[in-house]
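Values reported hereafter were calculated over all heavy atoms of this structure, with side chains retained and with hydrogens, waters and symmetry mates removed. None of these values were measured; they are calculated from a predicted model. Quick note on labels: first sequence line is chain A, next is B, and so on, each numbered from 1.
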Amino acid sequence: MEIQLKENFFVAHKPFRGQFTLPDIGITLILGNNGVGKTSFFNHLLNHQSSYQLVANSSFVSQYRLSAVSNMKVFRIFNNIERDFPERVVCSFEKFDLVKRFEAEHLLHKDTNTLSGGENQLVKILIGFFIKAQYYFLDEPFQFLDTEKFKLIFEYMIQCRDKSLIIIDHRNPELLEYAHLIYRIENSRDEIIIKKTHHV
Amino acid sequence: MFELDIVRILFAFICGHFLCLSGSLSQIVSSNPLASPSTLGFDGLIVLFVLVAHAISSFVFEVPLGPATFVLFLIFLLLLLMMGKIRPSILRQLRMNQVILLGIGFNLLIGAVFAVVQFLYMGMNLQFPSGLWFGNFRAANTQIFIILIPTFVVACWVSWHLAKSLTLINIDMTMARSLGINVSKIQKKSLLLALFLTGSIISFFGVFSFLGLILPHLMRSLPWFKGNIRSELLWAPILAGVLMGVLDQLCYNITFYGAELPVGMVSSVVGSLALVVIVVRKVLS
């Protein structure tokens, strides 16, 4: 899917330009220096889902911590999503499979406000994959994760051959090896550009 | 011997319900446990209208303070909605933490203006509504029910409708947006409702300091409402209203040398203590 960025999309007062192709399958990596606008790019896509035909077709995992004002157990999060959006969640078998695969059973009965950084990240990724979608946008999904959890999640992502994973990351060289498409966001004097640097 | 004043009980119930709901809505949509009608500046805004209404009554023509304040508040709401339609970008650019900071600053400003105006009125030997800062139901008129009861029905209906979206917004805003929820629209609706509920109470009964902050935390400490946004929006305000009704009747019947303590004063002291106890217990556990 070709994504034509809106003309009024600005990051730090600079126009964000370039063409972005959203592949239907495979891993797409988005690279860029700190503060260049990677998260802003994701937020732009998130806020304009209907314009970019992403409604009911995408799942976004942000880099920010889950912070519920009304503290709840993790399993209640899944129950609430399943109850209110039954058409947007994976089947029960897949749900249990995900929890088992990521070794997250012990987290289900924990309060959201008592999760550590890594546990919080794991729950966010679980929620992200719990939502049924073709496109998964993951903003720095591996931050705070230990080596074991990183391997589990990375292996799962490689096996998602029928889905499109768009990942912002800049510290895992393994991703470079497995990415089908790599985009780089660069900051020039007058504008910010996203451009394709690698295609398998 | 205890006397029960049914009208006052109903007023107190509605007050507790509105303030608890308004506080819950503010905290959930801003993802900030310190958000409340007080910290968002809603209290200060309505007090400003009280000052204007009182000035009109003192120097132009006499008007009943409560209804006049409410009318000014409605005019302001209409202007706000029109501004939202004409220049939506102004409201869109404000982030939630900026709104909270603005609200706190605005409340402090109005508090200072109130003190100055009170001083000037005393200098001119004019009557001033000093008791405004401690809400009570003593002088309330039953005709106010014409406004409060429909507002109560609308508040229950709107919060029931918003509960599904607010449950997900409470968990994670990005995830809520992923599922197609228009988060900014829900935030605006919720805050408008919170503002309207707070305005209704303060216009007719005065300020109940920080009840909008304290009551949601108190309710969430109870097992039936913890982690359950639906219950928090539908049933917790009802329980808060009942508690407020009981407290008001205690103030009505237990007087201090014949003088009735304003329930707003008592609820602020009792509620603040309760909040401190809850937080300390959480920390210790």
(message) Quick check on A:D111 against chain B: is it the side chain, the backbone, both or neither that has a heavy atom closer than 4.5 Å?
(response) side chain

(request) Please state whether the side chain, the backbone, both or neither of A:I127 comes within less than 4.5 Å of a heavy atom of chain B. (result) side chain

(message) Heavy-atom cut-off 4.5 Å, strictly under: side chain, backbone, both or neither for A:L66 against chain B?
(response) both

(request) Assess the pair B:F18 and B:F196: is the distance between their ring centroids shorter than 6.0 Å? (result) no

(request) Side chain from CB out, backbone as N, CA, C, O: work out which of these in A:S62 comes under 4.5 Å of a heavy atom of chain B, or both, or neither. (result) both

(request) Using a cut-off of 6.0 Å, state whether more than 12 heavy atoms not belonging to B:N182 lie near its atom CG. (result) yes

(request) Check each atom of B:L168 against the heavy atoms of chain A and say whether the ones under 4.5 Å are side chain, backbone, both or neither. (result) side chain

(message) With a sphere of 6.0 Å drawn around NZ of A:K6, does it hold more than 12 non-hydrogen atoms of other residues, nucleotides or ligands?
(response) yes

(message) So for B:R177, is it side chain, backbone, both, or neither that comes closer than 4.5 Å to the heavy atoms of chain A?
(response) both

(message) When you measure from the side chain of B:Q187 to the backbone of B:V29, do you find a donor-acceptor pair of N or O atoms at a distance under 3.5 Å?
(response) yes

(request) Heavy-atom pairs under 4.5 Å with chain A are the metric here; pick the option from B:N228, B:L179, B:D172, B:N32 that has the most. (result) B:L179

(request) Against chain A, label B:Q27 side chain, backbone, both or neither, depending on which of its atoms sit under 4.5 Å from a heavy atom there. (result) both

(message) At a 4.5 Å cut-off on heavy atoms, which part of A:F60 comes close to chain B: side chain, backbone, both, or neither?
(response) both

(message) Please determine whether side chain to side chain contact (heavy atoms under 4.5 Å, CB included) holds for the pair A:V11 and A:F41, giving the CA-CA distance in whole Å, both sets of side-chain angles, and the decisive distance to 0.1 Å.
(response) CA-CA 8 Å; A:V11 175; A:F41 173 62; over 6 Å; no

(message) Out of A:V55, A:D139, A:L46, return the one with the most heavy atom pairs under 4.5 angstrom to chain B.
(response) A:L46

(request) Sort B:L34 into side chain, backbone, both or neither according to what part of it lies under 4.5 angstrom from a heavy atom of chain A. (result) neither

(message) Do A:K149 and A:F144 form a cation-pi contact, if we require the NZ or CZ to be under 6.0 Å from the six-membered ring centre and within 45 degrees of the ring's axis?
(response) no

(message) I want to know whether A:F16 and A:F10 have ring centres closer than 6.0 Å.
(response) no

(request) Specify whether A:H48 and A:H44 have parallel, tilted or perpendicular ring planes, treating 30° as the upper limit for parallel and 60° as the lower limit for perpendicular. (result) tilted

